[in-house]
K.L.:
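Dropping the structure in here first, questions after.
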Amino acid sequence: MGVMFRKRQKFGPLILNFTEHGFSSWSIKIGRWSWNSRSRAHRVDLPGPLSWKQNKSRARDRV
C-alpha cells in the first residue's frame, strides 16, 4: 500500500478536500452533523468512538 497525499482547508463550516490530483470534494460540518459532496452521505457523530452514516446512492438520484 502506497502513501497517499490528502489535504483539508477549513473555512468555518465549509471544508475543501484535496488530493495529489487537485480538488477532490467539499464538505459542510455543523455541530455533530456533516455532509460530503462526493459520497453524498450524511454523518452524525455519536458519543464515544461511534458515528452514524446514511449513504445517498447516485443511481437513485438519476432516475
K.L.:
According to salt bridge (Lys or Arg N to Asp or Glu O under 4.0 Å), does anything in residues 42-54 pair up with another residue at least two apart or in another chain? List the pairs.
P.N.:
Lys29-Asp45
K.L.:
Quick one, Trp35 and Arg40 - any side-chain contact, counting heavy atoms below 4.5 Å?
P.N.:
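SC-SC contact between Trp35 and Arg40 confirmed.
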K.L.:
About how many Å separate CD1 of Ile15 and OG of Ser37, when rounded to the nearest 0.5 Å?
P.N.:
11.0 Å
K.L.:
Mind listing the side-chain donor-acceptor pairs of residues 4-14 below 3.5 Å, one per line with the distance, residues two or more places apart or on another chain?
P.N.:
none

K.L.:
Run the side-chain contact (heavy atoms from CB on, under 4.5 Å) check on Ser34 and Ile28 step by step: do they pass?
P.N.:
CA-CA 6 Å; Ser34 64; Ile28 188 164; over 6 Å; no
K.L.:
Val44 versus Ser51: any side-chain heavy-atom pair under 4.5 Å?
P.N.:
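No, side chains not in contact.
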K.L.:
Would you say the ring centers of Trp33 and Trp52 fall short of 6.0 Å from each other?
P.N.:
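That pair fails the under 6.0 Å test.
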K.L.:
Any luck finding a side-chain donor-acceptor pair between Ser24 and Asn17 under 3.5 Å?
P.N.:
no
